[in-house]
There are 2 protein chains.
Amino acid sequence: MSGTERMIAPNLRKQHDRCADCAIRHRAVCSYCGPQELSLLDAIKFYRNYEPGQEIVAAGERTDFLGSVVDGVVSLSKTMPDGRRQMVGLMFASDFVGRPMRPIAPYDAIAVTPVRLCLFNRTRFERLLRDTPVLEKRLLEMTLDELDAARDWMLLLGRKSAREKIATFLAILARRAASAHNTHADDGFAFDLPLTREQMADYLGLTIETVSRQITALKKDGVVEFADARRCLVPDFVVLLDAAGEDADGGMID
Amino acid sequence: MSGTERMIAPNLRKQHDRCADCAIRHRAVCSYCGPQELSLLDAIKFYRNYEPGQEIVAAGERTDFLGSVVDGVVSLSKTMPDGRRQMVGLMFASDFVGRPMRPIAPYDAIAVTPVRLCLFNRTRFERLLRDTPVLEKRLLEMTLDELDAARDWMLLLGRKSAREKIATFLAILARRAASAHNTHADDGFAFDLPLTREQMADYLGLTIETVSRQITALKKDGVVEFADARRCLVPDFVVLLDAAGEDADGGMID
DNA sequence: GGATTCGCTTGATCTGCGTCAATGAGAACC
DNA sequence: GGTTCTCATTGACGCAGATCAAGCGAATCC
């Protein structure tokens, strides 16, 4: 909600000629855009920063902006009347937050880490969308990908054991970290857990205690190592995938 | 996969001047289409029928067609290597099956009831999509709605009790039945369960036995009545919503 | 330095749901 | 009519994960 506008970091400026979030452009909404559409997007964009724990939008609230995650992690979650909470999505850099033609947010969006968003005014963005089929097409593709991810998560929530849930989540983070660093990491690599145990529990449909216990168990079994509670090292990715209940073939790091 | 082409039913013909699935048009892909786009869609469409239990596509398989459900219920499900299965979606009349620009199906699609699909050749449909922004826009909206539904289901799978899961599912079917018959049904109404207990279990992340037991419990508590195993009657929708763990306000039949 | 807080871990116990097994009720077939 | 098959129900039992409770290290604050 409230966030401070900040100058574009010089090191991001250097990499591309247009806008700061172009560092993530190949996966973002604008990835099919030509110079003309990009300049139109540029004209209406602005940036906003959020602190960890800060609410970006609340469920049921009207949102007048939407845009891309430039940096940090955003959680989407639903809460039942009695307080039970389920995280329904985690958004990383280049992911699109907010839904065109749907001004009412159906879930809470909260900054998990320090977050920087590249935002567009809703009505302007929707107008641009009408005139820019290539942008709409990209948005459709991203939404389809999110739908796939959501359905994968349904399998996890409905059918996987606590151990498998944890292992799956760690495998996803490991894969992300590997592709971000262009590491093939045949002999193990490390990454930071952006979430607290409580946030993991909300994401995985478990309690804090179960999360903690299962992580301990995975450590004891040598599947993962932890430098501290937030720093994870995976010695053998295939072993982790196996613990996640997935066939190793389908889940290789590419 | 294998299905028989059939003539368009005369009674559907009568209602509209274009195509049989126009009976469901106001909610389907083509709902924003003008006469010109409709005739283009008409030119490339064909129909296919499936028997209950029949596989429409298997996970990992290439699909050369996509389209709308005209009649019947289709399940989308994922299966783990060891056989655990989770249904990730139920498609009813007017829902769109198959994903443009994604020729490999990520899950099994199976006919739950007798199903009739209105299909389009993939490449032709995608070409049409490129030239018809209004169609693309509609598809984006439908995908956003599906994403919402998937995320609602994540809350159910991750945080709801067996009793709440059953009640939620029955409430969804009850609401569907009510809107289909234009019933407000302040004093109860009945509907048919399209799924077997096993399919319900796969949808809700439970076992057959638990589904059966919880239905028995809901009957004993007077929340629902069953004429037989497949025919359900809801005396008071608000009571059912309460059992589903939802606030009655948000879930009223409109 | 002491007190408080926060995030995490660990232990003890409880319970909701899964597992295993038996039975019943229709429907289809010989 | 009897057999077989499928689908649903019910009971007995066990276990994975929730709940309740305590303790621990590291910040933060006074």
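Each chain gets a letter, A, B and so on, in the order its sequence line appears, and its residues count up from 1.
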Picking from dC8(C), dT9(D), dC17(C), the nucleotide nearest the side-chain atoms of Ala162(B) would be dC17(C)
Separation of dG17(D) atom C1' from Lys165(A) atom NZ, nearest Å, is 9 Å
Ranking dC17(C), dT9(D), dA18(D) by distance to the side chain of Leu206(A), first place goes to dA18(D)
note: Glu164(B), atom CD; dA18(D), atom P; distance rounded to Å ~ 15 Å
- Message: Applying a 4.0 Å non-hydrogen cut-off, can you work out what Arg163(B) is touching in the nucleic acid: base, sugar-phosphate, or nothing?
- Response: nothing
On DNA chain D, more 5' by nearest nucleotide between Ile208(B) and Gln214(A) is Ile208(B)
The nucleotide from dC17(C), dA8(D), dC20(D) with an atom nearest the side chain of Ser161(B) is dC17(C)
Q.
Heavy atoms only, 4.0 Å cut-off, all strands: where does Gly205(A) land among base, sugar-phosphate and nothing?
A. sugar-phosphate
Rounded to whole Å, the CZ-C1' distance (Phe226(A) to dT9(C)) equals 13 Å
Among dA18(D), dA8(D), dC17(C), the one nearest any side-chain atom of Thr210(A) is dA18(D)
Between CD1 of Ile215(A) and P of dC8(C) the distance, given in whole Å, is 9 Å
*Evaluate the side-chain proximity of Tyr107(B) to Thr79(B): yes if any heavy-atom separation is below 4.5 Å, no if none is.*
no
Taken to the nearest whole Å, CZ/Arg197(A) to P/dG25(D) is 17 Å
Item to check | Sugar-phosphate only, base, or nothing, as touched by Thr196(A) at under 4.0 Å among non-hydrogen atoms | outcome: sugar-phosphate
Next on the checklist: Quick check: do Phe226(A) and Leu193(A) have side-chain heavy atoms less than 4.5 Å from each other?
Outcome noted: yes
From the candidates dG18(C), dT9(D), dC20(C), the one with an atom nearest any side-chain atom of Glu209(B) is dC20(C)
Closest of dA8(D), dA12(D), dA18(D) to the Arg213(B) side chain is dA12(D)
Out of dT9(C), dC17(C), dT10(C), minimum distance to the side chain of Lys219(A) belongs to dT9(C)
From CG of Asp228(B) across to P of dT9(D) the rounded distance in Å is 10 Å
When rounded to whole Å, the CG to C1' distance for the pair Leu157(A) and dG17(D) reads 15 Å
Picking from dG11(D), dA18(D), dA8(D), the nucleotide nearest the side-chain atoms of Thr207(A) would be dA18(D)
Q: Would you mind reporting whether Leu204(B) and Ile166(B) have side-chain heavy atoms less than 4.5 Å apart?
A: yes
To the nearest angstrom, the CE-C1' distance between Met200(A) and dT9(C) comes to 14 Å
- Query: Using the ring of each side chain (for Trp, its six-membered ring), is Phe46(B) parallel, tilted or perpendicular to Phe65(B), with breaks at 30° and 60°?
  - Reply: perpendicular
### Query
Is NZ or CZ of Arg116(A) both nearer than 6.0 Å to the six-membered ring centre of Tyr50(A) and within 45° of the ring axis?
no
